[in-house]
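Note that the coordinates shown come from a computational prediction; the quantities given were computed from them, not determined experimentally. Atom set for the values below is all heavy atoms of this structure, side chains included, hydrogens, waters and symmetry mates excluded.
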Amino acid sequence: MPFPPSPWHLTGDMVVSLWRVPADELPPWPLPHGVSPWIVRRRATLLTFWVDYRPGGVLAYREFLIALAVRHGRSLAGSTVAAWVDDERSLAGGRALWGIPKEQGVIALRTDGRGSRGELTADGIPPVRVTYRDMLRLPFRLPGRARLVQRLPDGTECRVPMRISGRPALGRSRVTTGAGGRGRSLDGAAGRQPGDALGAGAALSVLARHRPLLSLAVRDFRGTVGR
């Protein structure tokens with residue numbers, strides 16, 4: 001499947017939530033050599049991203065991604081532990097270029113004047129849903145930089161720089177993940193490669209036991225992934 005070369009220039013809207021979970025609940029995700037979870041007071045940090053990448057970038061697609069905050073040398077970074085996209089070129093490119101364990105899913109994202117709704121359905125996992133509502137909009141564009149550190153299939157390390165600028169808003173989110181047809185609600189205020197049992201299911205299991213600490217939206221963002 002052909003895909004754009006790195007870097008990818010992308011634009012759209014996203015909802016980000018931060019989760020603090022007990023360190024002893026983390027699965028033994030295969031992190032690159034020398035990379036370890038960032039632990040503070042016996043808790044680790046997870047970040048979830050619901051992203052609607054829109055026309056104007058190199059690809060237009062939707063994504064739900066779960067990243068673990070990690071220590072990489074003397075600095076902090078993120079490492080994607082599970083991700084779903086609804087575009088085959090994004091899936092192939094994310095795996096081949098950067099070692100991001102993307103899986104195929106069906107993702108619906110809708111945004112109105114002050115909030116967003118999203119749903120993910122994919123093979124082997126229960127449906128995952130999010131609702132988000134703005135509480136405080138900030139009247140400026142905010143730039144940011146981050147870095148992913150991923151493990152390639154051959155075990156080597158891949159560093160993925162990211163830059164973004166967008167209009168932020170603090171808000172409240174509500175996440176549900178299905179469980180035996182009934183589901184469990186998770187309220188919060190402001191991948192796996194094929195056959196890898198420590199990816200998608202384990203990541204969702206961790207989220208199902210906790211609530212997001214805070215959530216925010218970044219609208220009309222412009223970002224670059226890779227170099």
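Between the side chain of Ser90 and the main chain of Asp87, no donor-acceptor pair closer than 3.5 Å is present. Looking only at distances, no side-chain donor or acceptor of Thr11 sits under 3.5 Å from a matching main-chain atom of Gly56. Proximity of a side-chain donor or acceptor of Ser6 to a complementary backbone N or O of Arg227 within less than 3.5 Å is detected.
The pair Asp52-Arg54 counts as a salt bridge, with a side-chain nitrogen and a carboxylate oxygen less than 4.0 angstrom apart. Using a 4.0 Å cut-off between a side-chain N of Lys or Arg and a carboxylate O of Asp or Glu, Glu119 and Arg117 do not qualify as a salt bridge. Using a 4.0 Å cut-off between charged nitrogen and carboxylate oxygen, Arg62 and Asp86 count as a salt-bridge pair. Salt-bridge formation is detected for the pair Arg209/Glu25: a Lys NZ or Arg NE/NH1/NH2 atom is positioned less than 4.0 Å from an Asp or Glu carboxylate oxygen. One finds no salt bridge joining Asp13 and Arg167 here, because no Lys/Arg side-chain nitrogen approaches an Asp/Glu carboxylate oxygen to under 4.0 Å.
The shortest distance between side-chain heavy atoms of Leu204 and Ile66 falls below 4.5 Å. Side-chain contact between Glu103 and Pro101 is absent, with no heavy-atom pair separated by less than 4.5 Å.
Checked by atom type, the side-chain pair His33/Arg151 shows no donor-acceptor distance below 3.5 Å. A donor-acceptor contact closer than 3.5 angstrom links the side chains of Trp19 and Thr48. Thr45 and Arg20 share a donor-acceptor pair across their side chains, judged by distance under 3.5 Å alone.
Using a 30° and 60° split on the angle between ring planes, Trp84 and Phe64 fall in the parallel class, below 30°.
Across all non-hydrogen atoms, the minimal contact from Arg89 to Trp8 is O-CH2, 4.1 Å. Minimum interatomic distance between Glu63 and Ala83 (heavy atoms only, all atoms of both residues): OE2-CB, 4.4 Å.
Rounded to the nearest 0.5 Å, atoms CH2 (Trp50) and CG (Leu120) are 5.5 Å apart. Here Arg133 contributes atom CZ and Ser173 contributes atom OG; the two are 12.5 Å apart, rounded to the nearest 0.5 Å. Here CZ of Arg43 is found 9.5 Å from CG of Asp24. Values are rounded to the nearest 0.5 Å.
With Asp134 as reference, Arg219 is the one residue of Arg114, Arg219, Arg172 to meet the side chain to side chain donor-acceptor pair (under 3.5 Å) rule.
A 6.0 Å sphere centred on CD of Gln104 holds more than 12 heavy atoms belonging to other residues, nucleotides or ligands.
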